[in-house]
Number of protein chains: 2
Amino acid sequence: MENKRELFQVLTRRFGLLNKNCCSVGTVDISLVQSHILYEIDKQITPSMQQIAETIAMDITTFSRQIQTLIKMDLVKKTPSAADKRVYLLSLTVQGKFVATTIDVSMNEYLEEVFSHMNEFEKETVIRSIKLLNQAMSKSSVCCTPLI
Amino acid sequence: MENKRELFQVLTRRFGLLNKNCCSVGTVDISLVQSHILYEIDKQITPSMQQIAETIAMDITTFSRQIQTLIKMDLVKKTPSAADKRVYLLSLTVQGKFVATTIDVSMNEYLEEVFSHMNEFEKETVIRSIKLLNQAMSKSSVCCTPLI
DNA sequence: ATATATTACTTGCAAAATACAATTAATGAG
DNA sequence: CTCATTAATTGTATTTTGCAAGTAATATAT
């Protein structure tokens with residue numbers, strides 16, 4: 001049988017490496033987590049702080065400070081919710097949108113390049129496999145209880 | 001067409017989450033990077049500091065300090081190389097080996113559980129796909145130059 | 001062989017990231 | 001109206017990080 005962990009370890013390390021080095025856009029330099037935050041704000045529709053923090057599994061206090069930094073960098077905007085005054089809705093500024101988009105384009109370009117080493121059939125198989133994996137993982141129950 | 005980045009982002013986030021929460025073995029609590037370090041020391045044969053640091057793409061100074069911590073925790077051993085006195089060879093202590101093995105077993109159990117949601121054919125397809133991906137990524141050249 | 005460069009690793013900082021506890025303010029439930 | 005809950009922030013302390021500068025050993029060049 002295969003050592004599945006080995007395969008995943010290598011895969012995620014490579015992908016992590018990619019992410020890591022790809023976060024400077026022009027004069028703007030952001031960290032990996034910050035790029036994840038931008039990505040999620042861009043993806044969700046007027047999310048609250050809690051929502052994003054939960055999605056990327058980040059402690060809310062750390063997240064709060066990261067958002068403060070991103071606001072100072074003029075990449076993120078925080079708007080008080082009309083419906084619930086405790087809540088702040090997050091959105092990207094024009095510059096934030098630009099940064100997020102640039103990173104996204106470049107990531108997809110990189111992935112295209114990776115996939116260019118495969119034939120059409122392999123490409124489709126791989127894509128379908130990742131979808132399968134994502135589904136299987138979301139179904140899984142045994143996640144992350146402390147060992148022993 | 002697919003949004004490949006989206007697929008990868010979800011996949012690696014899930015896998016990262018898994019890794020994150022699965023690093024306490026008995027009374028020993030280690031961080032994600034520390035578990036990666038143990039994993040690589042276990043895998044390679046008497047590696048040097050440089051070798052491991054490079055494999056997991058970690059700054060050597062940060063790595064040096066992490067090793068100091070792991071030695072204090074009695075998980076890692078540092079032996080001066082006879083061939084080159086600048087070099088230290090890394091190995092796991094008995095306890096370190098136990099921790100690494102326990103984490104590995106549990107990770108593979110989790111992955112088995114994930115794969116249990118697929119049929120035999122899907123399993124094989126997915127495994128083959130990840131191998132393909134890893135190969136393609138290692139072939140790729142366009143990694144990680146700063147954008148714009 | 002001897003000076004010089006390179007390599008492996010360590011320490012001195014200073015900045016950034018993290019998370020627990022406690023706080024403020026707003027909302028919901030009884 | 002009161003009390004519990006929720007969203008978000010701040011206080012504080014720890015950990016992680018990485019550049020710059022250092023030490024010691026090896027390799028290279030003259």
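In what follows, chains carry the letters A, B, and so on, assigned in the order in which the sequence lines appear, proteins first and then strands, with residues in each chain numbered from 1. It should be emphasised that the depicted structure is a prediction, and the values quoted were computed from it without experimental measurement.
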Check: Does a nitrogen or oxygen in the side chain of B:Q68 sit under 4.0 Å from OP1 or OP2 of C:dC9?
Finding: no

Checklist line | Side-chain donor or acceptor of A:N108 paired with backbone N/O of B:R5 under 3.5 Å | finding: yes

Notebook entry, point to check: When the distance from CD of A:Q66 to P of D:dT9 is rounded to whole Å, what number comes out?
Noted result: 13 Å

Notebook entry, point to check: Does a nitrogen or oxygen in the side chain of B:S64 sit under 4.0 Å from OP1 or OP2 of C:dC9?
Noted result: no

Notebook entry, point to check: Just how far, in rounded Å, is P of D:dA25 from OH of B:Y88?
Noted result: 9 Å

Name the atoms and distances for all side-chain donor-acceptor pairs under 3.5 Å in residues 44-53 of chain B, with sequence neighbours left out.
from, atom 1, to, atom 2, distance (Å)
B:Q44, NE2, B:E40, OE1, 3.1
B:Q44, NE2, B:T55, OG1, 3.1
B:S48, OG, B:Q51, N, 3.3

Notebook entry, point to check: Below 4.0 angstrom from OP1 or OP2 of D:dT15, is there any side-chain N or O of B:Q34?
Noted result: no

Check: So what does A:F63 touch, heavy atoms closer than 4.0 Å: a base, only the sugar-phosphate, or nothing?
Finding: nothing

Next item on the list: Kindly say whether, by distance alone, the side chain of B:R65 makes a donor-acceptor pair under 3.5 Å with the base of D:dG18?
Entry: yes

Check: Between A:T69 and B:D84, which is nearer to the 5' end of DNA chain C once each is assigned its nearest nucleotide?
Finding: B:D84

Item checked: Whichever of A:K85 and A:D59 has its nearest DNA chain C nucleotide further upstream toward 5' -> A:D59

Note to self: Holding to side chain to side chain donor-acceptor pair (under 3.5 Å), I want the full list of residues that pass it with A:T61, two or more places apart in sequence or in another chain.
What the structure shows: A:D59

Item checked: A:I60 or B:T62, whichever maps to the more 5' nucleotide of DNA chain D -> A:I60

Next item on the list: Specify the separation, in whole Å, of atom CE of B:M49 and atom P of C:dT7.
Entry: 17 Å

Notebook entry, point to check: Going by distance alone, is a donor N or O of one side chain under 3.5 Å from an acceptor N or O of the other, for A:E122 and A:H117?
Noted result: no

Notebook entry, point to check: Atom CG of B:D29 to atom P of D:dT15: distance rounded to whole Å?
Noted result: 12 Å

Check: Are any of A:Q50's side-chain N or O atoms less than 4.0 Å away from OP1 or OP2 of D:dT6?
Finding: no

Note to self: Taking donor-acceptor contacts at under 3.5 Å, does the side chain of A:T61 reach the base of C:dC20?
What the structure shows: yes

Check: Any side-chain N or O of B:Q51 less than 4.0 Å from the OP1 or OP2 oxygen of C:dA8?
Finding: no

Checklist line | Integer-rounded Å distance: C:dT10 P and B:M58 CE | finding: 13 Å

Notebook entry, point to check: Tell me: CD1 of B:I67 to P of C:dA8, nearest whole Å?
Noted result: 16 Å

Next item on the list: Please state how far atom CG in B:L89 lies from atom P in D:dA25, giving the value in whole angstrom units.
Entry: 16 Å

Notebook entry, point to check: When you measure from the centre of the six-membered ring of B:F115, is the NZ or CZ of B:K123 under 6.0 Å away and within 45° of the axis?
Noted result: no

Next item on the list: Write down the distance between NZ (A:K72) and C1' (C:dA16), rounded to a whole number of angstrom.
Entry: 12 Å

